[in-house]
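Beneath this line is the structure, given in structure tokens, with notes to follow.
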Amino acid sequence: MSLDQSPTIALTFPDGAVRAHPRGVTAMQVAAAISPSLAKKAISATVNGAHWDLAWPIDADATIAIHTMQDQPQALELIRHDLAHVMARAVQEIWPDVKVTIGPVIDNGWYYDFDRAEPFTPDDLGQIEARMRAIINARDPVRTEVWSRADAIAHYEGRGEPYKVELVQAIPDDGQPIRMYWHGDWQDLCRGPHLQHTGQLPSDGFKLMKVAGAYWRGDSSRPVLQRIYGVAFRSREDLKAYLNFLEEAEKRDHRRLGREMELFHFQEEAPGMVFWHPNGWSVYRALEDYMRRRLGVAGYKEIRTPQVVDRKLWEASGHWANYRENMFITEIDEEHANEKRVNALKPMNCPCHVQVFNQGLKSYRDLPLRLAEFGSCHRYEAHGALHGLMRVRGFTQDDAHIFCMESQIEAECAAFIGLLSSVYRDLGFVKFDIKLSTRPEVRAGSDETWDRAESALENAVRKVTNDYVVDPGEGAFYGPKLDFKLTDAIGREWQCGTFQCDFVLPERLGAEYVGPDGAKHRPVMLHRAILGSFERFIGILIENYAGKLPLWLAPRQVVVASIVSDADACVTDITARLRAAGLRAEADTRNEKINYKVREHSLGKVPVILAIGMREVEDGTASVRRLGESATETVAVDDLIDRLVAEATPPDLR
RNA sequence: GCUGCCGUAGCUCAGUGGUAGAGCACUCCCUUGGUAAGGGAGAGGUCGUGAGUUCAAUCCUCACCGGCAGCACCA
């Protein structure tokens, strides 16, 4: 032990001030030295960058910042964390035989997993919330103690808490403190930090949301626990804002809008497969036509490959060994087949694309060769994974594979990022994040190859932005990859685009080209997609726009509605002219009032409603009403058609 | 795939151990109405499927199918 330590340490505050304090001073004492009111309001500190409990001692010179509820990230972290404990305490007070496990902070709140024979009911949640409020109102002081491993294990064994025993045992025995956290006479294992007392929690800023089963430690071979989710914010207002956000998300649910807008449906006989209706298919085709043009301009060649392929190809590609559980396997009915062959519906397009590449001898002069396919794929996804258009079993990707030399990866990647950002912008997404996933532990290819591929991707990204994250070890075994996550109108993130290097498949399927040296070489294969699957992307578009798609994507762009039946002929005529001009227009000459028609088409998210009464018939005009606006405008039909045609032009053709 | 909940008319949902109801939508009639629901009448379901318990099942039990939420999965 060092005996020549100075009895004081120097603490540096955010404003640059430096103050001397006794060695071992707590953050609470530091706050108190500044002012009694700060001491009262303080919730935690940041000491040398670490989130620090007010009660923990500081043993050396450090930078320090004292936090109050004004400091949102720290406040939310503490509130959610402590509420997890308060909830666990409330549950054990009500049901003493329930066993506690873990309760981490997550986005917007926390959860806590309990081992209990019966699941919690919604009534239980109300009861737990009430007990939590009582604990908060009791303003129980919080204190932490440092225990030895042996004591902690003995303690939990004595209390019959096997999960906690397992948790303590899992803490590496490297001298890090094992902290016990107490409020009142209830106690939990926790690394902290925590609030001063339970009274600092917002008694009306949280809500228990739902109950779900969850595996202990996420392992599907281990017991299922009862998980309770809560959300928490600093105030009742923030909580309300969040609940409103959830309501907004619910209103945008593409499954509901898909029904209301008559876009698509699902049914039992084909779970996870979309039945596209005329309206939905119209959106699909507008998007596909757009992508086809963009890919063509970017130098891709479109191809089409089989959907049902003999298992031999899947064995060669490695899918039969690694992906078979997710594949739809077909067998030909023996009565009708001369030979019995086992086929599979393709879950991916890449092996077929290599077959196209392999036809004819390729020269380095052919590279890069960019083969695109709107490839219809099928994957047997687990029942529980299916979710509307977002997770389906039959889908179509905007897929393409670029066959190139290693030296071309960087340029191809840069061009791809440029294309992707332009496409996202056209589709209404202004923000997206990039993630670079690098070599995993188990991988194919030499370290030198990985070095070059990773830096090619990184260099390509850097040409566009320095704002990207690296996820070490998360690459595929066959090569590094970039993932692109876009942000929608209400702040949710969706991973859609991807760019993956593959050194393995060309090898497995024997792809080669003749180099300048006259010898045969392996091409690198780049898997890439911008939208991901059309199905899922359309789901994202619907939710992003809350159904109010931009005119060029809207299934019914214009509805022409008569106000009186004497205007019906004129409505039919205008509709025909709109269609002749290339617009998707419908006539509504039903025997209904204009109010009724306007309401119905507004709910159906039709962007433009034209109302035609006798005045319009006589003047050759139309009364134009835009979705979401109550004002109308009367415009000459000829001008209107020109205007709408211009507006309905896809962004790449403007 | 796992846990929990759910499955009644096209949609949203109510309901009962003795073979079912509402609102909207739909059809017809009246109404010709100027920008988010005009009025009236009518039609529509063997209550997800199969088995069991029972004198009797839409209702209770079990299995299966599908959906929802979460988990796991997303080579």
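Every chain is numbered from 1 and lettered A, B, ... according to where its sequence line falls, protein lines coming before strand lines.
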Position toward the 5' end of RNA chain B (nearest nucleotide), A:Ile612 or A:Ala382:
A:Ala382

Please figure out whether A:Phe477 or A:Glu616 has its closest RNA chain B nucleotide nearer the 5' end.
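Result: A:Glu616.
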
Selected nucleotide, minimal atom distance to [X] side chain, candidates [options]:
{"X": "A:Asn591", "options": "B:rG34, B:rA75, B:rU31", "answer": "B:rU31"}
{"X": "A:Ala385", "options": "B:rC71, B:rA72, B:rG33", "answer": "B:rA72"}
{"X": "A:Leu386", "options": "B:rG33, B:rG67, B:rU35", "answer": "B:rG67"}
{"X": "A:Glu268", "options": "B:rG33, B:rA37, B:rG66", "answer": "B:rG66"}
{"X": "A:Lys210", "options": "B:rA69, B:rG38, B:rU32", "answer": "B:rA69"}
{"X": "A:Gln226", "options": "B:rA36, B:rU3, B:rG66", "answer": "B:rU3"}
{"X": "A:Ser602", "options": "B:rG34, B:rA36, B:rG67", "answer": "B:rA36"}
{"X": "A:Arg391", "options": "B:rC74, B:rA75, B:rU35", "answer": "B:rC74"}

[N] pairs with which nucleotide, Watson-Crick or G-U wobble, both distances below 3.5 Å?
{"N": "B:rU58", "value": "none"}
{"N": "B:rA72", "value": "none"}
{"N": "B:rA63", "value": "B:rU49"}
{"N": "B:rC11", "value": "B:rG23"}
{"N": "B:rC28", "value": "B:rG40"}

Whole-Å distance between [N] [atom2] and [X] [atom1]?
{"X": "A:Glu629", "N": "B:rU35", "atom1": "CD", "atom2": "P", "value": "16 Å"}
{"X": "A:Ile594", "N": "B:rU35", "atom1": "CD1", "atom2": "P", "value": "9 Å"}
{"X": "A:Ile228", "N": "B:rA69", "atom1": "CD1", "atom2": "C1'", "value": "15 Å"}
{"X": "A:Glu592", "N": "B:rA25", "atom1": "CD", "atom2": "P", "value": "8 Å"}
{"X": "A:His277", "N": "B:rC11", "atom1": "NE2", "atom2": "C1'", "value": "14 Å"}
{"X": "A:Leu603", "N": "B:rA36", "atom1": "CG", "atom2": "P", "value": "11 Å"}

Within the 4.0 Å heavy-atom criterion, would you say [X] contacts the bases, only the backbone, or no part of the nucleic acid?
{"X": "A:Arg615", "value": "base"}
{"X": "A:Tyr596", "value": "sugar-phosphate"}
{"X": "A:Arg625", "value": "base"}
{"X": "A:Ile609", "value": "nothing"}
{"X": "A:Phe266", "value": "nothing"}

Is there a side-chain polar atom (N or O) of [X] under 4.0 Å from OP1 or OP2 of [N]?
{"X": "A:Arg259", "N": "B:rU12", "answer": "yes"}
{"X": "A:His387", "N": "B:rA69", "answer": "yes"}
{"X": "A:Tyr229", "N": "B:rA69", "answer": "no"}
{"X": "A:Arg255", "N": "B:rA69", "answer": "yes"}

Over 60° means perpendicular and under 30° means parallel, so classify the ring planes of [Y] and [X], tilted if in between.
{"X": "A:Phe206", "Y": "A:Trp110", "result": "tilted"}
{"X": "A:Tyr112", "Y": "A:Phe114", "result": "parallel"}
{"X": "A:Tyr424", "Y": "A:Phe429", "result": "perpendicular"}

Take atom [atom1] in [N] and the same atom in [M], then report the distance between them in whole Å.
{"N": "B:rG17", "M": "B:rC59", "atom1": "C1'", "answer": "7 Å"}
{"N": "B:rC71", "M": "B:rG15", "atom1": "C1'", "answer": "34 Å"}
{"N": "B:rG44", "M": "B:rA57", "atom1": "P", "answer": "25 Å"}
{"N": "B:rA20", "M": "B:rU61", "atom1": "P", "answer": "22 Å"}
{"N": "B:rA14", "M": "B:rG23", "atom1": "P", "answer": "16 Å"}
{"N": "B:rU53", "M": "B:rC11", "atom1": "P", "answer": "34 Å"}
{"N": "B:rG21", "M": "B:rG45", "atom1": "C1'", "answer": "11 Å"}
{"N": "B:rC60", "M": "B:rU54", "atom1": "C1'", "answer": "10 Å"}

Using modelled atom types only, decide if a donor and an acceptor are shared between the side chain of A:Trp314 and the backbone of A:Leu345 within a distance under 3.5 Å.
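Not at all, since once roles are kept as given, no pair shorter than 3.5 Å links the two residues.
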
Checking A:Arg584 side chain against A:Gln557 main chain: does a donor-acceptor pair fall under 3.5 Å?
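Looks like no, no N/O pair under 3.5 Å.
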
Once rounded to the nearest 0.5 Å, what's the spacing between atom CG of A:Leu640 and atom CZ of A:Arg577?
9.5 Å

Would you check if the distance from the ring center of A:Phe484 to the ring center of A:Phe416 is below 6.0 Å?
yes

Does a distance-only test, which skips hydrogens and angles, find a donor-acceptor pair under 3.5 Å between the side chain of A:His319 and the base of B:rA75?
yes

Tell me whether the side-chain N or O atoms of A:Thr632 pair up with the base of B:rU35 as donor and acceptor below 3.5 Å, since no angle test is needed here.
no

Answer yes or no: are there more than 12 heavy-atom neighbours, outside A:Glu250 itself, under 6.0 Å from its atom CD?
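Open: at most 12 neighbouring heavy atoms sit under 6.0 Å from CD of A:Glu250.
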
